[in-house]
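To start, the structure under review is shown below, and the notes come after it.
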Amino acid sequence: MTAGRTNKTLPGRTTRPGGTTRPGGTTLPGGTTLPGGVHAPLTVGTAGHIDHGKTALVQALTGVDTDRLAEEKARGITIVLGFAPLMLPGGRTLSLVDVPGHERLLRVMVAGATGIDLFLLVIAADDGVMPQTLEHIRVLDALDVRHGVVAVTKSDLADPGPALAAASELLPAAEVVACSARTGAGLAELAAALERTAARTTGRAADPRPAVLHVDRVFTIRGAGTVVTGTLWSGVIRRGERLSVLPGPHTARVRGVQVHDRAVEQAAAGQRVAVNLAGLERRAIARGDVLAGPEAPVHVTYRLEVELALHEGLGERERVQLHHGTRATPARAVRLGEEVWQLRTERPLIAADGDRVVVRRIAPPDTLGGGVVVKAAAGGRRAREAEPAPAPAPAKPAPPPLDAAALALEARLRAAGIEPPSEAELGEDAASLRALHAAGRAVRIGRSMHAHPEAIAEVREVVERIARAEGEVTLARLRDELGTSRKYAQALLEHLDAARVTRRRPDDSRVLRGPPSST
Ligand SMILES: Nc1nc2c(ncn2[C@@H]2O[C@H](COP(=O)(O)OP(=O)(O)OP(=O)(O)O)[C@@H](O)[C@H]2O)c(=O)[nH]1
Ligand SMILES: [Mg+2]
């Protein structure tokens with residue numbers, strides 16, 4: 001059960017219905033004809049190692065500088081997803097998503113790559129294939145993104161020959177083009193290669209399923225209200241219709257739909273879409289949530305049955321990081337068969353059968369592979385419908401400079417998750433605790449344990465969910481829910497008491513304390 005070759009076909013891949021490109025307009029299920037084109041809409045996503053020139057190439061191809069944040073400008077790296085329309089010489093327009101290459105922003109990369117139809121893998125001629133080149137290829141493989149083009153850029157700086165050869169070996173099916181964002185050399189060839197590849201790629205527009213959009217951004221526009229964006233995975237979103245907001249329990253009316261800043265009556269699968277939602281507060285929806293049309297076969301679930309192709313084995317009940325849609329959550333992987341696993345997630349996912357997932361090792365972080373969901377609601381007592389939507393996640397702060405030892409300690413705390421080590425257990429690594437606490441990347445639990453803040457946020461979500469559903473949280477209930485020991489469940493609950501998230505009652509059970517406080 002190994003995927004030795006990175007472009008190995010995963011088991012159980014879903015095939016999309018074909019035949020969406022025909023002269024005179026693309027006809028969608030129900031007889032609707034797509035506006036403005038003879039081609040099915042497609043979204044292309046960049047991929048590749050940090051600093052290899054993805055954003056520069058996007059700008060050279062589209063005229064749009066997608067690194068808009070001051071922090072992105074100051075640091076010279078991409079931090080959040082960027083979007084631009086890509087007009088090809090033959091007249092076809094693709095949606096383009098630019099992703100970050102930083103290894104610590106892989107979660108953002110997966111959120112951007114999810115739902116794309118083809119890739120634009122960027123390799124710098126002067127640097128060649130690097131770790132995130134390979135990791136991004138594994139992500140694309142896991143997401144079943146088969147079509148794409150490799151750009152060996154910065155060919156003004158070095159002979160592109162070796163990188164071209166390496167790329168052809170890694171992705172034999174892809175066209176490989178040498179180019180330079182700086183001089184413009186090769187850009188016309190690159191656009192032509194993208195056009196040829198797009199012509200061979202079947203879009204999702206003919207997928208008969210109802211609308212499903214995994215939200216990657218939420219913002220408010222004065223006078224308009226809440227707007228969310230995402231790549232439409234399936235179906236059509238029309239102005240005026242009512243959609244479910246999952247995990248719910250909200251619904252909202254579509255006040256307006258835009259595709260690349262242009263108002264449209266409806267958007268089709270394969271497009272980058274901005275949806276203005278009437279009657280929905282900004283706080284009621286967050287990145288990672290899903291907009292779904294009536295009867296979309298999506299489940300809010302803590303248990304997924306998945307067929308995985310991994311290039312490294314997993315231990316029994318190993319804790320992994322699971323990426324699906326625009327969400328990520330730690331999960332325990334329990335083997336059910338040769339390639340079939342049950343993934344028990346710590347946070348809910350909103351999934352449908354046939355969706356793709358990416359599985360990462362927690363420490364040291366690496367993409368192990370991925371696969372296809374064979375049962376989105378695999379039962380178990382934690383599977384529930386319509387959980388209340390979590391509060392919007394704050395923007396990811398810039399990682400402050402920490403030395404290698406501190407970063408190693410952080411990785412160790414992150415890997416330990418809800419079972420934080422004590423100072424004694426950390427041994428020599430404990431020397432970096434002070435720096436990590438100062439950077440807000442470690443939290444003291446009880447007298448001597450140290451946890452990663454992400455783990456505490458996860459526990460807090462679990463506690464809040466149980467308390468909302470059941471009125472209270474007991475130590476035994478939390479222990480079972482987290483699949484951990486009494487020692488850790490108790491320490492974590494006491495931490496939440498101290499942080500005034502929970503209040504301890506005389507019988508030792510906990511209730512929520514009203515307005516959210518910071519942990
Ligand atoms: N000489 C030369 N420099 C380039 C070229 N493309 C990009 N650069 C430079 O390489 C650096 C990195 O480029 P970016 O486009 O930000 O790289 P990136 O892949 O988007 O980086 P991340 O998004 O952080 O992963 C910048 O200083 C660019 O000006 C090129 O074709 N030739
Ligand atoms: Mg970039």
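Note that these values count all heavy atoms, side chains included, but never hydrogens, waters or copies made by symmetry. Being a predicted model, the structure only gives us computed values, none of them experimental. Every number for a ligand or one of its atoms is a count from 1 in the order of the listing.
Look at Asp67 and Arg75 and you find no salt bridge, because none of the NZ, NE, NH1 or NH2 atoms lies under 4.0 Å from a carboxylate O. We find that Glu419 and Arg319 are not joined by a salt bridge, their nearest charged nitrogen and carboxylate oxygen being 4.0 Å or further apart. A salt bridge links Arg272 with Asp216: at least one charged nitrogen is closer than 4.0 Å to a carboxylate oxygen.
At least one N or O atom of Lys54, backbone or side chain, sits closer than 3.5 Å to an N or O atom of ligand 1. Distances between N or O atoms of His102 and those of ligand 1 include no value under 3.5 Å. Looking at Ala56 next to ligand 1, an N or O pair under 3.5 Å apart turns up.
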Stepwise side-chain hydrogen bond (donor to acceptor under 3.5 Å, both in side chains) check, Thr153 with His52: CA-CA 8 Å; Thr153 190; His52 274 201; over 6 Å; no
Side chain to side chain contact (heavy atoms under 4.5 Å, CB included) between Val245 and Leu291, worked out: CA-CA 5 Å; Val245 178; Leu291 288 185; 3.9 Å; yes
Candidate pair His324 and His214, rule side-chain hydrogen bond (donor to acceptor under 3.5 Å, both in side chains), full reasoning: CA-CA 9 Å; His324 168 265; His214 290 259; 4.7 Å; no
Residues Lys154, Asp51; criterion salt bridge (charged side-chain N to carboxylate O under 4.0 Å, His left out); working and verdict: CA-CA 11 Å; Lys154 304 200 191 187; Asp51 255 355; 5.7 Å; no
Thr43 and Thr231: CA distance, side-chain angles, deciding distance, side-chain hydrogen bond (donor to acceptor under 3.5 Å, both in side chains) verdict: CA-CA 8 Å; Thr43 295; Thr231 308; 5.0 Å; no
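Of the protein's non-hydrogen atoms, the one nearest atom 23 (O) of ligand 1 is Thr78 OG1, 2.7 Å. Ranking protein heavy atoms by distance to atom 31 (O) of ligand 1, first place goes to Ala181 N, 2.8 Å. Nearest non-hydrogen protein atom to atom 29 (O) of ligand 1 is Arg182 NH2, 3.1 Å. Looking only at heavy atoms of the protein, atom 32 (N) of ligand 1 is closest to Asp156 OD1, 2.8 Å. The nearest protein atom to atom 21 (O) of ligand 1, hydrogens excluded, is given as Asp51 N, 3.0 Å; this is a heavy-atom distance. Protein heavy atom nearest atom 16 (O) of ligand 1, with residue, atom name and distance: Gly76 O, 4.0 Å.
The residue from Glu72, Lys154, His136 that puts a heavy atom closest to atom 9 (C) of ligand 1 is Lys154. Among Pro100, Gly53, Ser155, the residue whose heavy atom lies closest to atom 17 (O) of ligand 1 is Gly53.
Considering Asp261, Asp98, Leu96, Val97 as possible partners of Phe83, the one that fulfils the side chain to side chain contact (heavy atoms under 4.5 Å, CB included) test is Val97. Exactly one residue among Glu135, Gln132, Glu312 makes a side-chain hydrogen bond (donor to acceptor under 3.5 Å, both in side chains) with Thr367. That residue is Glu135. The side chain to side chain contact (heavy atoms under 4.5 Å, CB included) test with Val218 singles out one residue from Thr226, Val227, Leu277, and that residue is Thr226.
No donor-acceptor distance shorter than 3.5 angstrom exists from the side chain of Glu195 to the backbone of Ala191, with no hydrogens or angles considered.
Remark: atom 27 (O) of ligand 1 lies closer than 4.0 Å to no protein heavy atom.
Close approach to Ile77 involves these atoms of ligand 1, each under 4.0 Å from a residue heavy atom: 24 (O). Heavy-atom proximity to Thr153, at under 4.0 Å, picks out these atoms of ligand 1: 31 (O). Atoms of ligand 1 found under 4.0 Å from any heavy atom of Ile50 (numbered from 1 in listed order, with element): 24 (O), 25 (O).
At a heavy-atom distance under 4.0 Å, only side-chain atoms of Leu157, from C-beta outward, approach ligand 1.
Using a 4.5 Å heavy-atom threshold, the side chains of Thr93 and Leu86 count as separate.
Applying the side chain to side chain donor-acceptor pair (under 3.5 Å) test to residues at least two apart or on different chains, the pairs with a partner in residues 174-187 are Asp156-Ser180, Glu175-Arg196, Ser180-Thr183.
Shown are the protein N/O/S atoms under 2.8 Å from the Mg ion (ligand 2), given by residue and atom: Thr55 OG1, Thr78 OG1.
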